[in-house]
2 protein chains.
Amino acid sequence: MSAGVNLKELAAELKLSPSTVSRALNDSYEISEATKKKVISMAEKLNYQPNPFARSLRENKSKTIAVVIPERISSFFSKVVDGIEEITQQYGYHLLVYSTHEDVDREKKIVNLLMNGRADAIIMSVSSQTSDISHLTRLHERGFPLVFFDRICPDIPTTKFITNDYESGFEGTKHLIQQGCRKIAFLMLSKELSITKDRYRGYLDALRQAGLSPEPQLNITCCQEEEQNIEDIRQMLLSPNRPDGILSSVEKLALATYHAVKRTDLKIPQDLKIISFFSNLSIASLLHPSLTTITQPAFSIGEECAKLLMKKLTKPRQPDLPNQVISIPSKITIRSSTIAI
Amino acid sequence: MSAGVNLKELAAELKLSPSTVSRALNDSYEISEATKKKVISMAEKLNYQPNPFARSLRENKSKTIAVVIPERISSFFSKVVDGIEEITQQYGYHLLVYSTHEDVDREKKIVNLLMNGRADAIIMSVSSQTSDISHLTRLHERGFPLVFFDRICPDIPTTKFITNDYESGFEGTKHLIQQGCRKIAFLMLSKELSITKDRYRGYLDALRQAGLSPEPQLNITCCQEEEQNIEDIRQMLLSPNRPDGILSSVEKLALATYHAVKRTDLKIPQDLKIISFFSNLSIASLLHPSLTTITQPAFSIGEECAKLLMKKLTKPRQPDLPNQVISIPSKITIRSSTIAI
DNA sequence: ATAATATCTGCAATCGTTTCCGTATTTTAT
DNA sequence: ATAAAATACGGAAACGATTGCAGATATTAT
């Protein structure tokens with residue numbers, strides 16, 4: 001199939017033993033410079049490519065990282081994966097990318113498949129459905145290197161990378177209040193999610209600090225159907241108790257809100273102000289009116305995950321991944337959607 | 001590392017030989033039902049997971065497909081990969097995903113890395129810089145299964161999946177003409193790209209049919225810097241010879257156009273109509289005004305690529321991938337950006 | 001009763017590397 | 001001059017699975 005020669009054939013061609021050739025190619029001190037040169041040039045001439053599986057079998061590592069994300073069509077997750085690839089590629093590592101489609105059953109299948117060692121580590125963000133995390137604890141307890149980002153499992157003692165969710169939720173809400181909002185809704189993906197909880201705490205504290213009280217009917221949990229989300233939001237906007245501000249903790253719900261508003265007589269920002277966690281900056285400024293955003297450092301998060309793993313996997317005797325949460329701050333960009341009139 | 005037992009240990013536990021256990025697990029006719037049952041239940045109990053590298057080494061296949069795309073932050077490519085994953089995952093295949101970032105040098109590195117057999121096949125869309133395709137012909141000549149989609153290499157005799165680029169370019173242009181446009185600009189990624197050529201032919205033929213003549217200064221080729229693209233488009237819009245219609249053959253240039261228009265006094269669709277190849281439908285209808293789109297069947301394209309490959313790779317003696325171009329039609333959705341006033 | 005066949009299982013080679021040994025030759029030390 | 005150490009290489013075992021071949025037992029046929 002793949003036409004190249006193998007080590008034995010290369011050795012035969014050179015009239016050397018496979019072990020010598022292997023050592024020469026791996027720049028072993030046991031081999032003279034002269035033969036190293038010969039071996040290398042012949043290897044190039046015959047286009048020798050070491051078989052990755054033989055090597056993986058022998059070395060018990062695959063030079064592969066698995067990345068598990070909830071969805072691919074998302075500028076946030078795409079940028080994180082770009083950041084991961086930027087680093088891992090420098091180390092010659094490959095990336096297996098899996099999407100759970102926000103489905104915890106698929107997540108479990110994927111994680112269980114990965115237990116056989118096909119990848120040397122996993123970088124993941126859990127699905128919005130994930131509440132039972134036994135598949136993940138099992139993985140971690142077996143000593144499998146596991147790093148979380150964004151949607152993390154706080155109970156699993158490993159390294160997690162997030163943005164400053166609490167502060168961002170707090171500041172975002174505070175901004176709405178400063179712009180005159182008094183009834184602020186909170187849009188989320190799922191109550192179970194770590195990011196939801198942290199951002200919600202920030203939201204609550206900001207309300208409290210301003211002497212406002214949270215109202216349960218101003219919390220909307222997202223479902224998988226975009227149309228359903230739009231309708232749910234529209235219903236809220238049409239209710240007598242409608243909000244005058246919205247903090248969306250997810251990009252897709254901000255878009256759903258714009259759709260919902262189009263179906264009402266309300267105007268942003270006159271009747272309703274909105275701020276959202278949002279990664280697609282080019283789009284944010286094109287929305288009408290342009291959207292005030294909390295931008296997570298997606299690319300950096302990916303890079304940091306990968307840097308940590310590369311250190312652990314490529315240096316000889318590294319300690320376990322420390323149990324800590326590393327936060328990289330988001331940036332709030334104020335645009336028209338929250339301007340006080 | 002990964003705690004599981006291996007075949008030998010499992011066999012020892014069962015007081016059987018590794019070969020019997022292997023056969024039992026692979027449901028060989030040579031093994032009695034009784035022992036099969038025993039083996040399987042013990043395998044589950046000890047959580048036996050076959051080592052993928054040992055198996056790959058032996059069988060000379062990896063159950064892995066490599067997907068090479070020009071960029072990750074793109075709803076089109078994300079959907080294609082989703083489509084691929086939908087199929088491959090049913091067959092137990094894994095996906096290595098690489099982004100070239102529209103850089104032909106990175107593309108070459110990736111392709112060369114893949115030649116060692118880490119993946120059983122490649123599904124790819126070439127970078128906008130790719131004109132020398134020697135790295136790809138070499139791969140194909142070695143018998144490596146290779147499938148192209150969207151941005152294809154016409155000269156490599158393998159199967160390619162595209163949308164009806166010519167017709168879509170033709171129909172899109174015709175639509176603009178019907179809405180009253182007389183000076184229609186064409187926005188593209190690179191002149192070398194197969195999709196550019198086909199869509200451009202459609203554009204030219206539609207102009208010709210309407211008795212309009214193409215003007216070279218109304219063609220804009222995209223660069224990698226978004227800001228530069230916006231400025232280039234703005235310059236065109238400010239020129240005395242400015243277009244009254246735009247056919248954008250790429251999503252990102254439609255967005256750049258919206259940005260550029262915001263920096264002028266022009267109004268869409270009054271002063272300028274625009275239609276674009278575009279995959280992010282949710283965004284298209286939120287743009288202001290909403291964007292008339294030519295939507296490629298991204299998910300289906302991914303599925304079809306994967307179905308073809310799965311057939312070739314999992315059935316015993318399959319022929320080579322036939323040299324043909326399979327076209328799956330796009331769909332034009334008319335929105336406000338091309339409405340005649 | 002003996003041969004032939006069917007049924008089940010084990011031995012050992014194989015895939016392509018890496019690496020622990022061992023060994024032959026050369027260099028350095030005493 | 002002889003021992004010790006350094007240098008350069010080859011042989012063979014491993015990694016963990018699959019599978020051709022052969023052997024053992026049980027069943028059936030003659």
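Bear in mind the structure is a predicted one, so any value in this text is a computation, not a measurement. All chains are named by letter (A, B, ...) in the order of the sequence lines, taking the proteins before the strands, and each is independently numbered beginning at 1. Heavy atoms only: backbone and side chains are in, while hydrogens, waters and symmetry mates are out.
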Item to check | Whether B:Y98 and A:H94 hold their rings parallel, tilted or perpendicular, with breakpoints at 30° and 60° | outcome: perpendicular

Run the salt-bridge test on B:D150 and B:K160 with the 4.0 Å N-O cut-off and return the result as yes or no.
no

Separation of D:dG16 atom P from B:E59 atom CD, nearest Å, is 17 Å

In whole angstroms, the gap separating C1' of D:dT18 from CZ of B:R58 amounts to 4 Å

Could one point to a donor on the side chain of A:R23 or the base of D:dG10 with an acceptor on the other under 3.5 Å away? yes

Notebook entry, point to check: Crowded around A:K108 NZ? As in, over 12 foreign heavy atoms under 6.0 Å?
Noted result: yes

* Asked: Would you say D:dA17 has OP1 or OP2 under 4.0 Å from some side-chain N or O of B:S22?
  -> no

| query | Can you tell me if NZ on A:K109 sees more than 12 non-hydrogen neighbours from other groups inside 6.0 Å? | reply | no

**Item:** Electrostatic pair A:K79:B:E71 at N-O distance under 4.0 angstrom
**Value:** no

Crowding at NZ, B:K307 (>12 non-hydrogen neighbours, <6.0 Å) | yes

Expected list for residues 25-43 of chain A near DNA chain D, using heavy atoms below 4.0 Å, is A:E30, A:I31, A:S32, A:T35

For residues 309-316 of chain A, which side-chain N or O atoms pair as donor and acceptor with protein atoms under 3.5 Å away, sequence neighbours left out?
from, atom 1, to, atom 2, distance (Å)
A:K312, NZ, A:P319, O, 3.4
A:T314, OG1, A:M310, O, 2.6

- Can B:D82 and A:R72 be counted as an ion pair, charged N to O under 4.0 angstrom? yes

Assign each of A:L57 and A:T20 the nucleotide of DNA chain C bearing its closest heavy atom; nearer the 5' end lies the nucleotide of A:L57

Under a 4.0 Å heavy-atom cutoff, the residues of residues 47-55 of chain B touching DNA chain C are none

B:E44 meets the salt bridge (charged side-chain N to carboxylate O under 4.0 Å, His left out) criterion, sequence neighbours left out, with none

In numerical order, the residues of residues 6-19 of chain B whose heavy atoms come under 4.0 Å of DNA chain D are B:N6, B:L7, B:S19

Residue pairs meeting ring pair (Phe, Tyr, Trp, His ring centres under 6.0 Å), one or both in residues 7-61 of chain B, sequence neighbours left out, come to none

Q.
If the threshold is 4.0 Å, N to carboxylate O, is there a salt bridge linking B:D120 and B:K63?
A. no

